[in-house]
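Some notes on the structure that comes next.
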Amino acid sequence: QVQLAESGGGSVQAGGSLRLSCVASGFLWDRYCMGWFRQAPGKEREGVVVIWTGDGRTSYADSVKGRFTISHDKGKNTMYLQMNSLKPEDTATYYCAAAEFLGSCGIGFYDDINYRGKGTLVTISS
């Protein structure tokens, strides 16, 4: 049974940090692009970062480059998103997701998701 479950969201002040976790089980990671996307109230979904764990290549949204870092621990079936220097515009519900790997993983991977979690809310105050 495929399961993705996020945790680690919360409320912090601008400039602070949070680490999100996603436990993803029931499928072979190397067959999927794994990543995070977010959605703020009243806004479109936005890809945050994607990784193909087959070779570790990543793609980040320009808005988070240098501030967010994706990592994973296959032994724990867990993917992480370390978020530093948080800004009010980072406020959103963050989702971990998996999309079938078809040769490359782009930041728009969330347009063709096979699996996703229920999301975790991140709120950044100024």
Taking a hydrophobic cluster as the set of Ile, Leu, Val, Met, Phe, Trp and Tyr residues connected by side-chain heavy atoms closer than 4.5 Å, whether directly or through intermediates, do Phe37 and Val49 fall within one such cluster? no
Identify whether NZ of Lys or CZ of Arg in Arg45 sits under 6.0 Å from the centre of the six-membered ring of Tyr110 and within 45° of that ring's axis. no
Is there a path of hydrophobic side-chain contacts, each under 4.5 Å between heavy atoms, that joins Ile70 and Val50? no
Do other residues, nucleotides or ligands put more than 12 heavy atoms under 6.0 Å from Lys74 NZ? yes
With a 3.5 Å distance limit and no angle check, can you tell me whether Tyr95 reaches the backbone of Gln39 through a side-chain donor-acceptor pair? no
Scanning both residues in full, the closest heavy-atom pair of Asn84 with Ser17 reads OD1-OG, 2.9 Å
Out of curiosity, Ile124 CD1 to Glu89 CD, how far, rounded to the nearest 0.5 Å? 10.0 Å
Does the Glu6 side chain pair with the main chain of Gly119, one donor and one acceptor, at a distance under 3.5 Å? yes
So that I can tick it off, tell me whether Lys87 and Asp90 are bridged by a salt bridge, with the cut-off set at under 4.0 angstrom between side-chain N and carboxylate O. no
For Asp30 and Gly54, the nearest pair of non-hydrogen atoms, with its separation, is OD1-N, 3.6 Å
Verdict with reasoning, Thr53 to Met79, per side-chain contact (heavy atoms from CB on, under 4.5 Å): CA-CA 10 Å; Thr53 58; Met79 179 171 64; over 6 Å; no
Exam field: side chain Asn114 to backbone Glu100, donor-acceptor pair closer than 3.5 Å: yes
Look up atom CE in Met34 and atom CG in Leu4, then write down how far apart they are to the nearest 0.5 Å. 5.5 Å
Cluster question for you: counting only ILVMFWY and a side-chain heavy-atom cut-off of under 4.5 Å, with indirect links fine, are Val23 and Met83 together? no
In this structure, CD1 of Ile51 is separated from CH2 of Trp29 (nearest 0.5 Å) by 8.5 Å
Scan side-chain atoms only and decide if Ser63 and Glu46 contain a donor-acceptor pair under the 3.5 Å cut-off. yes
Closest heavy-atom pair and its distance - Ala92, Ala40: CB-N, 3.8 Å
Closest non-hydrogen contact found for Gly9 with Val122 is CA-CG2, 4.2 Å
For side-chain contact (heavy atoms from CB on, under 4.5 Å), just list the numbers for Thr69 and Tyr60, CA-CA rounded to whole Å, side-chain angles, deciding distance to a tenth of an Å, and then say yes or no. CA-CA 9 Å; Thr69 303; Tyr60 288 86; 3.9 Å; yes
Which heavy atom of Pro88 sits nearest a heavy atom of Ser126, and at what distance? CG-CB, 3.9 Å
Hey, what do you get for OH (Tyr80) to SG (Cys96), rounding to the nearest 0.5 Å? 12.5 Å
Partner of Tyr32 under ring pair (Phe, Tyr, Trp, His ring centres under 6.0 Å), picked from Phe101, Phe109, Trp52, Phe27, is Phe27
Report the C-alpha distance between Arg38 and Val64 in whole Å, list the side-chain angles of each, state the deciding distance to 0.1 Å, and finish with yes or no for side-chain contact (heavy atoms from CB on, under 4.5 Å). CA-CA 12 Å; Arg38 65 189 180 185; Val64 306; 4.0 Å; yes
How long is the gap from CD1 on Ile107 to CH2 on Trp36, to the nearest 0.5 Å? 13.0 Å
Nearest heavy-atom pair of Leu18 and Gly8: which atoms, and what distance? CD2-O, 3.9 Å
Between OG on residue Ser7 and OH on residue Tyr94, distance to nearest 0.5 Å: 15.0 Å
